[in-house]
Amino acid sequence: MGKWLKRSAWLAGLVVAATCALGAAAWWNSERAMARVYAVQDPSLVFAADDAEAARGAHLYGVLGCVECHGADARGKFVFDAMPVARIVGSNLTPAVIAGRYDANQLAAAIRHGVGPDGRPLRFMPSADFKDLSDADTAALVRHLQSLPPSDHAPGETAIGPMGRVLHLLGQFDLVPAEHIDHAPRRRGAPAPGPSAEYGAYLAQVCTGCHGADWAGQRVPGTPPELPAASNLTPHASGLAGWTEADFIRVIREGKRPDGRELHGFMPWRVYGAMTDEELQALWRHFSGLPPRPGKA
């Protein structure tokens, strides 16, 4: 019995030591990642300063999903609490908060690079979805943010839990998306708007954060296990095979699959349902023209 107790105590001590070592490594790794400074030197934005640009910016704020984290009026909002992984809060983006901290080009860097005005990375900002947003669309979006009614609303603070730090260490949680973005300065264009596969590919970049870089679906990194995996959007049997354009548009507009099943609430279909008919047609032509790939979920 004594020998067994000694062995159990030794194993318990080993587990505690390993857990502490993992926690320390995760803390050091995440703190180093958040302390890194990035130099963003993209060409300065050029504004059209017309009504069309203002309308475009308001449209993009909605259909790119900004509204999901920052709220319809950009006053910020609580997003979700998945502690001990993380508690996510979308910050207030109205001029009352960002004026004096972010100029137009710094806002562009936050959107496309996930980098704040001090060069440090923003936590959880899904800039990989927006890194190729055209200069004109970025200017429109920035103009919209700078023209919003000011608000001093304080939605709270994002917090990172110990499990979130461990998952980041293991490459399973995108704590600082800036780590994976090419920060080389460049100009960015976009295909002509219209119901084309090329324009659909441009719009579909916003879908990669959940559905994966090849749109074949995945378990969204960092999400709790009770949430479903993101669907396969390629024309594979596990994805959109057998769907029609009308089926696709209906699922985005109404949240219902061809078989009548409703989409899980985690999918922000109401946001994307605000896209124009041409935008949804473009997305369909892009997704339906992809090589069929087995789902990864």
Side-chain angles (χ1 to χ4, degrees), residues 62-65 67-69 79-80 82 85-86 88 124 126-133 163-164 167-168 170-175 177 180-181 191 194-297:
V63 301
L64 292 182
V67 65
E68 276 292 288
C69 290
V79 181
F80 66 81
V85 176
I88 309 298
F124 308 116
S127 292
D129 293 0
F130 312 125
K131 60 184 173 57
D132 294 319
L133 193 67
M163 185 58 68
L167 290 173
H168 175 259
L170 300 177
Q172 300 299 310
F173 192 46
D174 210 1
L175 172 61
H180 314 298
I181 292 174
S196 67
E198 292 75 20
Y199 190 56
Y202 170 72
L203 295 174
Q205 291 302 310
V206 75
C207 308
T208 57
C210 287
H211 296 274
D214 59 1
W215 300 283
Q218 62 175 355
R219 174 154 291 285
V220 182
T223 55
E226 62 267 20
L227 287 181
S231 301
N232 184 352
L233 298 180
T234 75
H236 186 269
S238 62
L240 303 184
W243 286 42
T244 66
E245 180 180 286
D247 291 331
F248 176 75
I249 292 177
R250 183 188 181 210
V251 81
I252 300 298
R253 292 266 196 247
E254 302 176 20
K256 291 185 179 179
R257 300 174 185 271
D259 61 7
R261 289 182 297 145
E262 294 189 356
L263 291 180
H264 189 279
F266 184 64
M267 166 61 186
W269 59 267
R270 290 177 179 84
V271 169
Y272 303 121
M275 286 186 170
T276 66
D277 290 342
E278 280 195 343
E279 287 170 334
L280 291 178
Q281 289 164 1
L283 282 174
W284 169 252
R285 288 170 192 178
H286 166 65
F287 292 136
S288 62
L290 289 171
R293 298 185 180 99
K296 297 177 181 178

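From a predicted model like this one, the values you see are computed outputs, not experimental measurements. Residue indices begin at 1 and follow the sequence shown.
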Tightest non-hydrogen contact, residues Ala86 and Ile88, listed as CB-CD1, 3.8 Å
Is there a side-chain contact between Lys256 and Leu263, using heavy atoms and a 4.5 Å cut-off? no
Compare all side-chain heavy atoms of Arg293 with those of Pro291 and state whether any distance is below 4.5 angstrom. yes
So Val63 and Met275, do their side chains get closer than 4.5 Å, heavy atoms only? yes
Looking at every heavy atom in both Ala282 and Gly194, which two are closest together, and how far apart are they? CB-O, 3.4 Å
Decide yes or no for Tyr202 and Asp132: does some side-chain heavy atom of the first lie under 4.5 Å from some side-chain heavy atom of the second? no
Residues two or more places apart in sequence or in another chain: which of them pass side-chain hydrogen bond (donor to acceptor under 3.5 Å, both in side chains) with Ser288? none
Applying salt bridge (charged side-chain N to carboxylate O under 4.0 Å, His left out) as the test, list every pair that has at least one member in residues 264-273; sequence neighbours left out. none
Say you draw a straight line from CG of Leu203 to CG of Leu64; how long is it, rounded to the nearest 0.5 Å? 8.0 Å
Do other residues, nucleotides or ligands put more than 12 heavy atoms under 6.0 Å from the CE atom of Met267? yes
Using every non-hydrogen atom in the two residues, find where Ala128 and Thr208 come nearest and quote the distance to one decimal. O-OG1, 4.5 Å
For the residue pair Leu290 and Thr234, what are the closest heavy atoms and their distance? CD1-CG2, 4.1 Å
Mind running side-chain contact (heavy atoms from CB on, under 4.5 Å) on Ile249 and Gln281 for me, showing each step along the way? CA-CA 8 Å; Ile249 292 177; Gln281 289 164 1; 4.3 Å; yes
Could you list the residues that satisfy side-chain hydrogen bond (donor to acceptor under 3.5 Å, both in side chains) with Tyr199, not counting sequence neighbours? Arg56
Applying side-chain hydrogen bond (donor to acceptor under 3.5 Å, both in side chains) as the test, list every pair that has at least one member in residues 246-255; sequence neighbours left out. Thr244-Asp247, Arg250-Glu254, Arg253-Asp277
Taking only residues two or more places apart in sequence, or in another chain, which ones meet Ser127 in a side-chain hydrogen bond (donor to acceptor under 3.5 Å, both in side chains)? none
Which residues pass the side-chain hydrogen bond (donor to acceptor under 3.5 Å, both in side chains) test with His180, not counting sequence neighbours? Asp174
When you look at His211 and Leu233, which way does the side-chain contact (heavy atoms from CB on, under 4.5 Å) test go after all the steps? CA-CA 7 Å; His211 296 274; Leu233 298 180; 3.6 Å; yes
Residues in salt bridge (charged side-chain N to carboxylate O under 4.0 Å, His left out) contact with Glu245, at least two apart in sequence or another chain: Arg285
Can you pull out every ring-ring contact (aromatic ring centres under 6.0 Å, His included) where at least one residue sits in residues 224-253? Sequence neighbours excluded, please. Phe248-Trp284, Phe248-Phe287
Provide the closest heavy-atom pair for Gly212 versus Gln218 in the form atom of the first, atom of the second, distance. N-NE2, 3.5 Å
Quick one: list whatever passes side chain to side chain contact (heavy atoms under 4.5 Å, CB included) with Val220, sequence neighbours left out. Cys210, Thr223, Ala230, Phe266
Sequence neighbours excluded, the answer for side chain to side chain contact (heavy atoms under 4.5 Å, CB included) partners of Pro268 is Glu68, Val271, Tyr272
Minimum-distance pair of heavy atoms, taken over all atoms of Pro292 and Pro235: CB-O, 3.6 Å
Before giving the answer on salt bridge (Lys or Arg N to Asp or Glu O under 4.0 Å), spell out for Asp259 and Arg261 the whole-Å C-alpha distance, their side-chain angles and the decisive distance to 0.1 Å. CA-CA 6 Å; Asp259 61 7; Arg261 289 182 297 145; 2.7 Å; yes
Parallel, tilted or perpendicular for Trp215 and His286, by the 30°/60° rule? perpendicular
Could you tell me the separation between the OG atom of Ser231 and the CG atom of Leu240, rounded to the nearest 0.5 Å? 8.0 Å
